[in-house]
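Heads up: the structure comes next, in structure tokens.
Below, chain A is the first sequence line, B the second, and so on; all start at residue 1.
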Number of protein chains: 2
Amino acid sequence: MDVLRLDNQLCFPIYAAAHAIGRAYAPMLDELGLTYPQYLVMLVLWEKDGVGLNDIGARLHLDSGTLTPLLKRLEAQGLVERTRSTEDERRIVVALTAEGKKLRQAAVKIPLKLGAKMARALPKMYAMRGALRDLVKILGSGGDDR
Amino acid sequence: MDVLRLDNQLCFPIYAAAHAIGRAYAPMLDELGLTYPQYLVMLVLWEKDGVGLNDIGARLHLDSGTLTPLLKRLEAQGLVERTRSTEDERRIVVALTAEGKKLRQAAVKIPLKLGAKMARALPKMYAMRGALRDLVKILGSGGDDR
DNA sequence: TGCGATTAGATTGTGTACAATATAATATCT
DNA sequence: AGATATTATATTGTACACAATCTAATCGCA
């Protein structure tokens with residue numbers, strides 16, 4: 001077997017799928033004024049508001065180089081507020097604004113629409129989810145828990 | 001089920017895994033002077049030299065906005081040459097230099113090392129490859145076959 | 001053959017993603 | 001208590017990725 005043949009690669013399909021996912025989400029998220037990474041950040045915050053930048057990074061495996069500008073833009077859109085923690089001044093706490101909280105209602109349609117779009121792929125995606133998580137763990141998760 | 005809960009997302013694990021893969025490849029590819037996307041382009045060319053930018057894009061689901069600068073940098077490194085096709089002047093043909101061809105020898109170790117690194121994840125990755133390819137098809141593949 | 005439609009790649013603009021580095025704050029050790 | 005080590009985030013620099021748009025070349029149709 002030719003280890004350098006594109007069709008024999010195991011990682012490339014993941015890469016290609018991730019990009020396809022991003023492209024598929026974009027028009028729908030654009031209606032909410034969000035990009036896919038921003039949407040992921042909002043998911044984290046809708047789940048637990050007022051967490052640190054570090055915590056968001058740990059959940060999403062993204063570091064401050066990515067998150068700082070991203071959060072700045074979310075703040076500029078009036079969806080979040082960033083403040084320095086009083087307990088530890090190195091920490092940034094990210095809180096949803098009322099508008100940010102309200103956006104959740106509109107956002108509910110996103111996974112529903114995407115789910116419908118890739119309905120026939122869903123069963124296998126459910127099946128591969130755990131393996132993908134394991135892979136992230138094995139390879140090292142990036143973000144601020146490095 | 002909360003459709004907006006991060007752990008319930010089916011796409012996020014793919015996104016996270018793709019980024020983890022990129023991070024895992026980077027140090028090794030850096031020794032060859034390549035980035036992961038550049039490495040993918042080289043895979044395509046090692047397989048079939050002298051193809052069009054469009055063909056590379058179709059294989060990798062990347063468009064000219066991404067490929068043009070990427071190929072420019074590969075050309076600057078002396079690994080490829082870009083020429084205008086005589087049959088169709090809109091087309092760019094990308095050919096490996098001798099140095100580009102020679103790099104394949106050093107590149108063989110990359111998949112081997114990565115494979116070793118994620119050995120225990122490999123069986124499931126083999127299993128999910130087809131499903132990931134289907135997903136790319138379903139969502140629309142991007143690149144220049146849009 | 002001429003003209004409108006389509007295509008290939010370049011370009012512009014925006015938003016990531018991450019390595020490396022810097023600065024200030026906190027933790028740990030002696 | 002003081003010094004050193006570590007940590008959180010910002011910043012800098014580089015390389016993507018892709019939508020939108022542009023320009024020149026080619027295709028398809030009347």
Verify the cluster assignment for A/L60 and A/I138: are they in a single hydrophobic cluster under the rule of side-chain heavy atoms below 4.5 Å apart?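 Shared cluster, yes.
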Let me know the distance between [atom1] of [X] and [atom2] of [N], rounded to the nearest Å.
X	N	atom1	atom2	result
A/R73	C/dA17	CZ	P	10 Å
A/Y25	D/dA19	OH	P	16 Å
A/L71	D/dT11	CG	P	13 Å
A/D30	C/dG13	CG	C1'	14 Å
B/L70	D/dA17	CG	P	8 Å
B/D55	C/dT7	CG	C1'	14 Å
A/L29	C/dG15	CG	C1'	13 Å
A/Y15	D/dA15	OH	C1'	11 Å

Would you call the rings of B/Y15 and B/H19 parallel, tilted or perpendicular if under 30° counts as parallel and over 60° as perpendicular?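 The rings of B/Y15 and B/H19 stand perpendicular, inter-plane angle above 60°.
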Whether A/Y25 and A/Y36 hold their rings parallel, tilted or perpendicular, with breakpoints at 30° and 60°: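 The arrangement is tilted - the two ring planes meet at 30° to 60°.
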From the set [options], return the single nucleotide nearest to any side-chain atom of [X].
X	options	result
B/N54	D/dA17, C/dT16, C/dA8	C/dA8
B/D63	D/dA19, D/dC16, C/dT16	D/dA19
B/H19	C/dC18, D/dA15, D/dC18	C/dC18

Looking at every strand, decide which applies to B/T35 at a 4.0 Å heavy-atom threshold: base, sugar-phosphate, or nothing.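 B/T35: backbone/sugar contact only, no base atoms under 4.0 Å.
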Is any side-chain heavy atom of A/F12 closer than 4.5 Å to one of B/H61?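 Yes, their side chains come closer than 4.5 Å.
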Indicate the atoms forming the closest heavy-atom contact of A/L6 with B/E47, along with that distance.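 Here A/L6 and B/E47 meet closest at N-OE1, 3.0 Å.
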If you measure from the Lys or Arg side-chain nitrogens to the Asp or Glu carboxylate oxygens, is any gap between A/D30 and A/R23 under 4.0 Å?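 No, no charged N to carboxylate O under 4.0 Å.
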Are B/D134 and B/R129 ion-paired here, with the side-chain N under 4.0 Å from a carboxylate O?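 Here B/D134 does not pair with B/R129 in a salt bridge, since their nearest N and O are not under 4.0 Å apart.
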Quick check on D/dT11: is either OP1 or OP2 less than 4.0 Å from any side-chain nitrogen or oxygen of A/K72?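 For A/K72, the contact criterion (side-chain N or O under 4.0 Å from OP1 or OP2 of D/dT11) is met.
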Base C/dA10 to side chain B/S64, donor-acceptor N/O within 3.5 Å cut-off: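 Flag set: donor-acceptor pair detected.
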Nucleic acid contacts of residues 81-91 of chain B, taken as heavy-atom distances under 4.0 Å to DNA chain D: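 Result for residues 81-91 of chain B: B/E87, B/D88, B/E89, B/R90, sorted by number.
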